[in-house]
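Below is one structure; the comments refer to it alone.
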Number of protein chains: 2
Amino acid sequence: MKRRPTIIDVAKQAGVSKTTVSRVITGDGANVREETVQRVQEAVEELGYTHNAVASSLRTARTNIIMLSLPDITNPFWPAVARGVQDRMEKEGYAVVFANSDWDTEREKMFLEMARRNRFDAILINPVHVSNDELKATHIPTVLIGSHEGFPDFDIVGSNTYGATQLALTHLYDLGHRRIGLIRGRRESRPGHSRLRSYTDFLQEKQIPLDNSLIMRVPFDENGGRQALQQLLSLSTPPTAVLAANDILAIGALQAAHEAGISVPDHLSIVGIDDIFAASATTPPLTTIAKPQYEIGKQAAEFLLDHLEKEPALSLSKRPFTPRRHLFDCTLQQRGSTAPPIN
Amino acid sequence: MKRRPTIIDVAKQAGVSKTTVSRVITGDGANVREETVQRVQEAVEELGYTHNAVASSLRTARTNIIMLSLPDITNPFWPAVARGVQDRMEKEGYAVVFANSDWDTEREKMFLEMARRNRFDAILINPVHVSNDELKATHIPTVLIGSHEGFPDFDIVGSNTYGATQLALTHLYDLGHRRIGLIRGRRESRPGHSRLRSYTDFLQEKQIPLDNSLIMRVPFDENGGRQALQQLLSLSTPPTAVLAANDILAIGALQAAHEAGISVPDHLSIVGIDDIFAASATTPPLTTIAKPQYEIGKQAAEFLLDHLEKEPALSLSKRPFTPRRHLFDCTLQQRGSTAPPIN
DNA sequence: TATATAAATGGGAACGTTCCCATTTTAGCA
DNA sequence: TGCTAAAATGGGAACGTTCCCATTTATATA
């Protein structure tokens, strides 16, 4: 039957006003005598008072909660990013709500709505279907994760996907490969297509004719990778090397190769992108382009904190806003799945 | 300069009272004329009103937010569980806050505090250091995930770890293995030690003498698994098979075997537990004991929802509480990392 | 000691809902 | 048509803070 104690109960117990208690609790320490602070803290202790963040939020219009919206939490890439976000945000006292859109448009929008209703302080999102304008309409400070184009109004943290692709292709080229397949994810539907553009640019530069039958487009999962490779192997002249848009696809391809009795890297080289945990667990271990996942998350949090320090309302509307881009460079993680082609 | 519209603005616009607007918005549809509902909805539309969940929470003492506390989000096991939780909870309109304790006592406690202050409606936790009593002290409905003992006051959802271990050992035994190593995680410090107990019980039943040098205890990561196997291989008579407490450890062991030039499964069999994504990506693919990760999360959510339907305050204190245990059975996922021993 | 200034404290309004209770309107029925 | 019951609606208080502003108390200065 006993109610949770409120700030007023504490005030009564300590013989001060609720205002003073509030001052002590918010650590707004300024202008409170040390002795009074003591008295209040004792009262808090005695009554087992816990600050009511909800009431506080109502008054201050700040919840200290941010939302992290991701397409697929089961791709290990994202948990790694999330950890970077969390480590940074928690240090500033923010809680992180995960939103797992699962590639679904409706869910993604539903989460934006949730962020609005719950007055979350900010949004961190790898947008899948949602547009620049839809994000702007939330009026919530937002930072994007991923190298997407078409979002002129937001800070973006990601990795240099174009460069990563070049890196991978150069590696294969230097090994002697000339016929290189590309396995793309079907979701990669944004304007930009950095990987594809990078691929065609590379071929052009090296004066290798573009062969569209070498470009596969499949669902972003293991099976997608597997199917793509099967199809590539069935060509009259199959590629001697394959670049997959991410490690999940690459691992699927690797499995398909094993199943087909193709030896990797002897008869086929495979490169992935991301460097997720499983990449080093395959046999042979996967050569891949490493992205600094944790760092990406951390930097995104950093941008977000910049927005949060200012008046939330202002950050989007008032001052002329020059979006920042922070694209991390990627590095070649050479392991066992690549080798010179057999002649 | 324009404020966000409130329920009162909507009321004015629609020419009704705020109470009526509230009724419409909460979908408490009872006792509102259809025509009035229309009018209110139009007003909402016109003004671009969004419900303020914070204010609502203050009044109703419900936030519709739950916390999911996990030791390590980068172990793919947990995201899979989390997805089950999320799918179920979101359907009921709850948001899920992830808390990543990273095996750290302080962080785990800090998260409990956060849950209290933010008045989260419930907690779902795989407790690492926190005790039964500490959880009880939060006065927040809580359900545990994992097969931990020592928590008499809570519903628990997990898997039958003891049985899983038996399954794995039986598999190895049936293949002909008699000298079987065990790689345990160092964190497994709870009373119970289901895996260890299961292991010793099994040996006893099969009348195999216990050899403590076959039992390794290492950090719960890839490297732990690697080191453990190296040490096992350095024994004068190494085991012919190894059971690892989870797939991460098993994969580490697998890598160590490769590095040592030991062929798996010809010269050494390895079994893991969990069946995470990467388990099927290794070469040879890992034989493991599959746990229904998604289902575990879903069932945990189900238990939680039971608590949430009742008066939150009551569920813990009043009625005599009989904790429920839902331990899922595990299944042998036979892949390529196990085979009869060479004689 | 009186006076000006700074520091410490307190009272009340406000944040935007929901809920209780009272009042008005509508429907049902003789 | 009049009366009763039910349905629909509205006004105000309450949830637990924080913030504004006013007041009291302590400190420094002349």
Side-chain angles (χ1 to χ4, degrees), chain A residues 2-41 43-44 47-65 116-121 311-313, chain B residues 2-41 43-44 47-65 116-121 311-313:
Chain A
K2 63 166 181 263
R3 237 176 55 266
R4 263 190 170 139
T6 75
I7 205 177
I8 297 184
D9 300 319
V10 175
K12 227 167 278 173
Q13 173 89 3
V16 296
S17 77
K18 57 184 166 40
T19 307
T20 302
V21 175
S22 175
R23 287 203 183 89
V24 172
I25 286 170
T26 56
D28 188 12
N31 297 350
V32 184
R33 233 187 321 169
E34 183 54 32
E35 185 210 318
T36 318
V37 173
Q38 288 290 334
R39 208 132 38 88
V40 170
Q41 283 173 340
V44 165
L47 299 179
Y49 166 82
T50 40
H51 188 228
N52 186 330
V54 175
S56 175
S57 292
L58 177 58
R59 184 64 237 245
T60 62
R62 275 179 152 260
T63 54
N64 292 316
I65 300 179
R116 286 193 68 178
R117 300 199 339 177
N118 285 89
R119 301 294 191 265
F120 292 153
D121 288 343
E311 275 301 285
Chain B
K2 65 165 181 262
R3 238 178 52 269
R4 262 189 170 140
T6 76
I7 204 177
I8 296 183
D9 300 319
V10 175
K12 227 167 277 174
Q13 173 91 2
V16 297
S17 78
K18 59 183 165 38
T19 307
T20 302
V21 175
S22 176
R23 287 203 183 88
V24 172
I25 286 170
T26 56
D28 187 13
N31 297 350
V32 184
R33 232 188 321 170
E34 182 54 32
E35 185 210 317
T36 317
V37 173
Q38 288 291 334
R39 208 134 38 91
V40 170
Q41 283 174 340
V44 166
L47 298 179
Y49 166 81
T50 41
H51 188 227
N52 186 330
V54 175
S56 175
S57 293
L58 178 59
R59 183 65 237 244
T60 62
R62 277 179 151 261
T63 54
N64 292 314
I65 300 180
R116 285 193 68 176
R117 300 198 341 174
N118 285 89
R119 302 292 192 266
F120 292 153
D121 288 342
E311 275 301 286

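So you know, we letter chains A, B, ... as the sequences are listed, proteins then strands, and number each from 1. All values derive from a computational prediction rather than experimental measurement.
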*Taking every non-hydrogen atom, the tightest pair across B/A43 and B/Q13*: CB-CG, 3.5 Å
*Can you give one letter per nucleotide of nucleotides 6-15 of chain C, 5' to 3': B if a protein heavy atom sits under 4.0 Å from the base, S if only from the sugar-phosphate, - if neither?*
--SBBBBBBB
*Can you tell me how far the OG atom of A/S22 sits from the CZ atom of A/R59, to the nearest 0.5 Å?*
10.0 Å
*How close do B/L47 and B/P5 get, heavy atom to heavy atom, and via which atoms?*
O-CG, 3.4 Å
*When the C1' atoms of the five terminal pairs at each end define the local axes, what inter-axis angle does the helix from C/dT1-D/dA30 to C/dA30-D/dT1 show, to 10 degrees?*
30°
_Test log, rule side chain to side chain donor-acceptor pair (under 3.5 Å), inputs A/T20 and A/S17_ = CA-CA 5 Å; A/T20 302; A/S17 77; 3.3 Å; yes
Table please: side-chain donor-acceptor pairs of residues 49-56 of chain B below 3.5 Å, with sequence neighbours left out.
unit_1, atom_1, unit_2, atom_2, d
B/N52, OD1, B/V54, N, 2.8
B/N52, OD1, B/A55, N, 3.1

*Contact check, side chains of A/V10 and A/I25, non-hydrogen atoms, under 4.5 Å*: no
*asked:* Please find the pair of heavy atoms, one from B/N118 and one from A/T63, that lie closest to each other, and give the distance.
replied: ND2-O, 4.2 Å
*Measure from CD on B/E35 to C1' on D/dA8 and round the result to the nearest Å.*
12 Å
*Could you give the distance from CD (A/E34) to CZ (A/R39), rounded to the nearest 0.5 Å?*
12.0 Å
*Using whole Å, report how far CD1 of A/I25 lies from P of D/dT18.*
7 Å
_Contact under 4.0 Å: A/S22 side-chain N or O vs D/dT18 OP1/OP2_ = yes
*Which of the following nucleotides, D/dT18, C/dT17, C/dC19, is nearest to the side chain of A/S56?*
D/dT18
